[in-house]
Amino acid sequence: QVQLVESGGGLVQDGGSLRLSCAASGRTFSSYTLAWFRQAPGKEREFVSAIRWSSMSAYYAFYADSVKGRFTISRDNRKNTVYLQMNSLKPEDTAVYYCAAGLVGLEYRKPDYNYWGQGTQVTVAS
């Protein structure tokens with residue numbers, strides 16, 4: 001059974017940092033795109049970042065414009081884990097952050113992802 005389990009969320013002050021982790025189990029995800037989405041209260045779940053294998057034998061990272069330059073995604077295939085380093089956090093980053101995995105066409109398309117975690121809360125206080 002495939003499971004994605006997020007951790008690392010919490011309460012942080014404006015300008016602070018957090019590192020989210022998502023541990024995957026139940027299969028090998030080295031060929032899967034791993035991504036982070038977030039959902040703020042009253043809003044739709046939105047794309048944050050993804051990391052996927054490319055035909056050029058390297059992993060490439062993708063970011064939403066709202067987090068570029070502040071967030072960094074990485075993965076450790078030996079541990080089947082994806083990370084999201086979040087720096088210079090803002091109150092508008094407050095949301096539940098979800099990890100996702102899939103053999104996707106477009107990184108930002110939610111239906112392309114087969115597996116989802118339960119989410120971890122990130123709250124940025126002003």
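Both backbone and side-chain heavy atoms feed into the values below; hydrogens, waters and symmetry mates do not.
- In this structure, OG in Ser49 is found 12.0 Å from CZ in Arg70, a value given to the nearest 0.5 Å.
- Tyr113 is not connected to Leu4 by any chain of hydrophobic side-chain contacts under 4.5 Å among Ile, Leu, Val, Met, Phe, Trp and Tyr, and they are in different clusters.
- A search for side-chain contact (heavy atoms from CB on, under 4.5 Å) contacts involving Ser25 returns Gln3, not counting sequence neighbours.
- Atom OG of Ser74 and atom CG of Leu84 lie 8.5 Å apart (nearest 0.5 Å).
- Note on Val67 and Leu34: same hydrophobic cluster, where clusters join Ile, Leu, Val, Met, Phe, Trp and Tyr whose side-chain heavy atoms are under 4.5 Å apart, directly or indirectly.
- Sorted by first and then second residue, the disulfide (SG to SG under 2.5 Å) pairs with a member in residues 24-82 form an empty list; sequence neighbours excluded.
- Partners of Glu107 under the salt bridge (charged side-chain N to carboxylate O under 4.0 Å, His left out) rule, at least two apart in sequence or in another chain, are Arg52.
- Under the 4.5 Å side-chain heavy-atom criterion for Ile, Leu, Val, Met, Phe, Trp and Tyr, Phe37 and Val104 are members of the same hydrophobic cluster.
- In this structure, the side-chain contact (heavy atoms from CB on, under 4.5 Å) partners of Val2, at least two apart in sequence or on a different chain, are Arg27, Phe29, Tyr115.
- Here the side chain of Thr94 pairs no donor or acceptor atom with the backbone of Glu92 at under 3.5 angstrom.
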N/O donor-acceptor pairs under 3.5 Å from side chains in residues 118-126, not counting sequence neighbours:
from: Thr120; atom 1: OG1; to: Gly9; atom 2: N; distance (Å): 3.2
from: Gln121; atom 1: NE2; to: Ala95; atom 2: O; distance (Å): 3.4
from: Gln121; atom 1: NE2; to: Thr123; atom 2: OG1; distance (Å): 3.3

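- Residue pairs meeting the ring pair (Phe, Tyr, Trp, His ring centres under 6.0 Å) criterion with at least one partner in residues 60-108, sequence neighbours excluded, do not occur; the list is empty.
- Using a 4.0 Å cut-off between charged nitrogen and carboxylate oxygen, Asp93 and Lys90 do not count as a salt-bridge pair.
- Checking Tyr59 against Asn77 by side-chain atom types alone, a donor-acceptor pair falls below 3.5 Å.
- Following chains of ILVMFWY side-chain contacts shorter than 4.5 Å, one cannot reach Ile73 starting from Leu106, and the two form parts of different hydrophobic clusters.
- Pairs of residues two or more places apart, or lying in two chains, that qualify as salt bridge (Lys or Arg N to Asp or Glu O under 4.0 Å) and include a residue from residues 110-126 are Arg109-Asp112.
- Legend: disulfide (SG to SG under 2.5 Å) pairs involving residues 36-86, not counting sequence neighbours: none detected.
- Residue pairs that meet the disulfide (SG to SG under 2.5 Å) test with at least one member in residues 38-126, sequence neighbours left out, are Cys22-Cys99.
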Acceptor/donor pairs from residues 13-21 side chains to any protein atom, 3.5 angstrom cut, sequence neighbours excluded:
from: Ser17; atom 1: OG; to: Asn87; atom 2: OD1; distance (Å): 2.9

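- Note: Arg75 CZ to Trp53 CH2 = 9.5 Å, rounded to the nearest 0.5 Å.
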Distance-only donor-acceptor hits, side chain of residues 40-48, under 3.5 Å, sequence neighbours excluded:
from: Arg45; atom 1: NE; to: Gln39; atom 2: OE1; distance (Å): 3.4
from: Glu46; atom 1: OE2; to: Arg38; atom 2: NE; distance (Å): 2.7
from: Glu46; atom 1: OE2; to: Arg38; atom 2: NH2; distance (Å): 3.2

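- For the disulfide (SG to SG under 2.5 Å) condition, no pair includes a residue of residues 33-86, sequence neighbours left out.
- No side-chain heavy atom of Ile51 sits under 4.5 Å from any side-chain heavy atom of Thr33.
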